[in-house]
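We use all heavy atoms of the structure for the numbers below, so side chains are in, but hydrogens, waters and symmetry mates are not. Residue numbering restarts at 1 for every chain, and letters A, B, ... go by the order of the sequence lines.
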Protein chains: 2
Amino acid sequence: MVEPVTAPINDFFQPRGIAIVGASATPGSPNNQILQFARQMSTTGQVYPVNPTKTEIAGLICYPSLLAIPQPVDLVVLAVGPQNSLSVAREIKKRREEKGDAGAVAVVTAGFKEMGTAAGEELQNELITTIKMSGARIIGPNCQGVADTVSGVNTTFSVPPNTPRGGVTILSQSGAFATSFLRWARDQKLVGVNKFVSLGNMADVDFRELLTYMADDVNTKVISMYLEGINDARGMFEIASEVTKKKPIVAIKAGRTSMGTNVAQSHTASIAGNNDIYEGAFRQAGIIRAQSVAEFYHTSRVFDKMPLPKGNRICILTVVGGPSTICVDELVATGEVTLAHLKDELKEEIAGHLAASANIGSPDGYIDMTASVTPKMHADVLKLLMNEDEIDGIIFMTTPPGFIKDEELAAAILEGYHSVPADKQKPLLSVMLAGNAVAQCRTILEENGLPTFEFPDDAARVMVNMVRYSAYRQRNS
Amino acid sequence: MVEPVTAPINDFFQPRGIAIVGASATPGSPNNQILQFARQMSTTGQVYPVNPTKTEIAGLICYPSLLAIPQPVDLVVLAVGPQNSLSVAREIKKRREEKGDAGAVAVVTAGFKEMGTAAGEELQNELITTIKMSGARIIGPNCQGVADTVSGVNTTFSVPPNTPRGGVTILSQSGAFATSFLRWARDQKLVGVNKFVSLGNMADVDFRELLTYMADDVNTKVISMYLEGINDARGMFEIASEVTKKKPIVAIKAGRTSMGTNVAQSHTASIAGNNDIYEGAFRQAGIIRAQSVAEFYHTSRVFDKMPLPKGNRICILTVVGGPSTICVDELVATGEVTLAHLKDELKEEIAGHLAASANIGSPDGYIDMTASVTPKMHADVLKLLMNEDEIDGIIFMTTPPGFIKDEELAAAILEGYHSVPADKQKPLLSVMLAGNAVAQCRTILEENGLPTFEFPDDAARVMVNMVRYSAYRQRNS
């Protein structure tokens, strides 16, 4: 017997055709939604519904079986009930023997090992064994599969086809968690996404292979992972520590507590593992671990948009005292970041642009322009700070006075930021503390690649994460 | 010589008339904005601009001096430059001698002790001494003064006159911090405000007196404080520990680090003090200390809207596994909260309402309705949980399936919540993880008094804070 050819992971992300086995004609049902999203997202239109009871769904030819599709099919979405999954597995095997395609299978069906029953575990084992014997690879079961905003793949019923493109690739053991991130991304226009992988029970493809794949994926600038528990943690961390030499990994780990672990087990049948051991392993592998959902979102999107700081010397430019105090507290709390030293000549230059009431350098690295500020002052001071080699990053904070127009403020900030060549750029995070009053300014900055924040401590935590990762890269390059 | 009568703090919040000394006719200038906001907010219209160079501003009679106003003036907004502030102080003294009013003075002018110069400190001392000799009380200098959404006072250029009414009173050493909260409150329609006090340099009225006043203020349901540093910390904590027997105090403390302390000093001339000592004092006084701006905002608004939990037994009702794992982690991490025990009869009843795929009680206190869910199921299960005496609070989490309408979901949640009499209510926090897709549902719930959240860990932290405060109240009543 000839050994089956093992399919490449790439079949999930650049399939020549996608078969939806179990596609439904009922509007609003999950299996109809999957078909609709797959079509809407597809750039090539090669989406094939499979359902023996229909000849057409939503204007597409519907095939009685996977074997009946004449065109190449690299990605199979297995969406039938668990009891029918084995017969689809056998069709996959047959198709691979006959046509050599069908190398990637996203099993979105649930009702396997995560049920906590012997029957569920047995059924999962049989399903996986049957498909793997053909050389095909599986993501899932009990997952939402994959999406890719560039190649146009979407096997989910939850990733909006209009998700904005960007460099963040999310790998998640929770479809709902990853979907929440995407919806937030789309609605707030703060982040762009490249790939989405919902891993579910991880019976075959797991974080290790996906990390390896994403490390070389040119469209992925940052890898963001939601983890509950993993089987080969050592192997995953070994691979991750190589990946982080090339691009950042941001992680959020659920199951920190034993109660959380119990929830994770009922959810994806995973054992969450000891939190302290994970904490050390994340650090050692250069993975940035977020302590909250907000930190995970913000750190992911900023890694995508901003260059890394070259060191840990950060300057605060502000017009608001209280929020800046909170920001500085959070910024220096871990000891990894320091306020930048402002040289006397620089302070004099800055003073030349600001009102007499401005506080320049008390404490060192801190500039309060006070409320007597104009858009031009923003541009002038930012230019000086951007061009100062002994400043590695800037956090800017404002509740702009009513007489400053949003477009003028945004233009001034962009002018200041872009006053140095691209290879000398440094991160600039802008905290906009005036709600809707400054919404237009935020939107202009975000559309032009500058990340903005609602809360000062959120920006500080992201800056600490960037400094931490930059230091890791310098130690490991 | 007759001893001057000391004016009551109440003059700041229920003045018969407000004089704006230094009111400006220049649109967009801070001192014009103060006048406009004072008028827009006023319910009685008794707002009097004072400026010797004008006879009329914005349609109001403008008086040459404070002494020229024939009507009663209880609140004086001192908004002239620092060099002119002493002559206004003398007018205040004279007016008190002649008419007995002008008992409350909000000194919004800056340029005093916070400058860090001997001259600044001296000027402040002279100003305060002059005014206090008359028996009048001072808030500031270097502050934004006060606002009250019920009585209609507004001495600020930053509190929007359309700030929604509610039970949150904010006392802040940073005007910008408090203003950011209010703008967020207004824009997100998530919170209602009662009073706003920006304390500035706290040369006279400080947290102690304001806490005492707010403790008996019927419109204040929760007191939210932004602190940098205080002189009589012991006195403040003694008073706070009495206030927290009546109503919650939520605090955020800036200047946790020595660098943050330096910033605070340049901002309000305050010494931030040792963070560990503060931490213990907050606990002992029953003050809920927020660790982040988001936690401060959310805890404040939920204390206003929700009843306290009677104990620490919390139930999770969800349709999303991953976010729930994160929520449970955060909920049980401090050891103060436990998942509620679900009795067998209750589990059977719940099972009768849900799909067979639902996970009821694994782990105990955790219910995953799964995606096969209807609005009616929400109402039915919430009714059972609300009526179960051994559950003290509920966190509900969802990314509603596309086939459920926002209004139907909101109605079901409200029906479930209101199925018990008001005196048996318990807190219900709803996490809505679908961005704009569920915005309408969020708005309906918020308008009907049920707090909603974007992130699962934010809701968990608020629940922990409520449980902590409830336990404090039970120990100290």
Between chain A and each of [options], count heavy-atom pairs under 4.5 Å; write down the option with the most.
{"options": "B/Leu182, B/Leu331, B/Ile326, B/Thr399", "answer": "B/Ile326"}
{"options": "B/Asn436, B/Leu339, B/Thr338, B/Asp458", "answer": "B/Asn436"}
{"options": "B/Arg186, B/Gln33, B/Met115, B/Met259", "answer": "B/Met259"}
{"options": "B/Val319, B/Thr370, B/Val332", "answer": "B/Val332"}
{"options": "B/Ala333, B/Gly435, B/Ser180", "answer": "B/Ser180"}

Let me know if [X] has heavy atoms under 4.5 Å from chain A in its side chain, its backbone, both or neither.
{"X": "B/Ile316", "result": "neither"}
{"X": "B/Tyr297", "result": "side chain"}
{"X": "B/Glu330", "result": "both"}

| message | Does B/Thr26 form a side-chain hydrogen bond (donor to acceptor under 3.5 Å, both in side chains) with B/Asn32? I'd like the steps, not just the answer. | response | CA-CA 6 Å; B/Thr26 312; B/Asn32 183 262; over 6 Å; no
Is a side-chain donor or acceptor of [X] paired with a backbone partner of [Y] at a separation under 3.5 angstrom?
{"X": "B/Thr117", "Y": "B/Gly120", "answer": "yes"}
{"X": "A/Gln173", "Y": "A/Gly229", "answer": "yes"}
{"X": "B/Asn142", "Y": "B/Asn201", "answer": "no"}
{"X": "B/Thr325", "Y": "B/Gly321", "answer": "yes"}

Residues at least two apart in sequence or cross-chain that pass side chain to side chain contact (heavy atoms under 4.5 Å, CB included) with B/Ser158, listed by chain then number, are B/Gln144, B/Thr156, B/Thr179
Test log, rule side-chain contact (heavy atoms from CB on, under 4.5 Å), inputs A/Met225 and A/Ile252:
CA-CA 6 Å; A/Met225 302 198 293; A/Ile252 188 164; over 6 Å; no
task: Determine the interplanar angle of the A/His298 and A/Trp184 rings, folded into 0 to 90°, and report it as parallel if under 30°, tilted if 30 to 60°, perpendicular if over 60°.
output: perpendicular
Item checked: Basic-acidic side-chain contact under 4.0 Å: A/Glu454, A/Arg442 -> yes
Filtered by a 4.5 Å non-hydrogen cutoff, the part of residues 355-365 of chain B contacting chain A is B/Asn359, B/Ser362, B/Pro363
Any side-chain heavy-atom pair from B/Phe296 and B/Ile170 closer than 4.5 angstrom?
yes
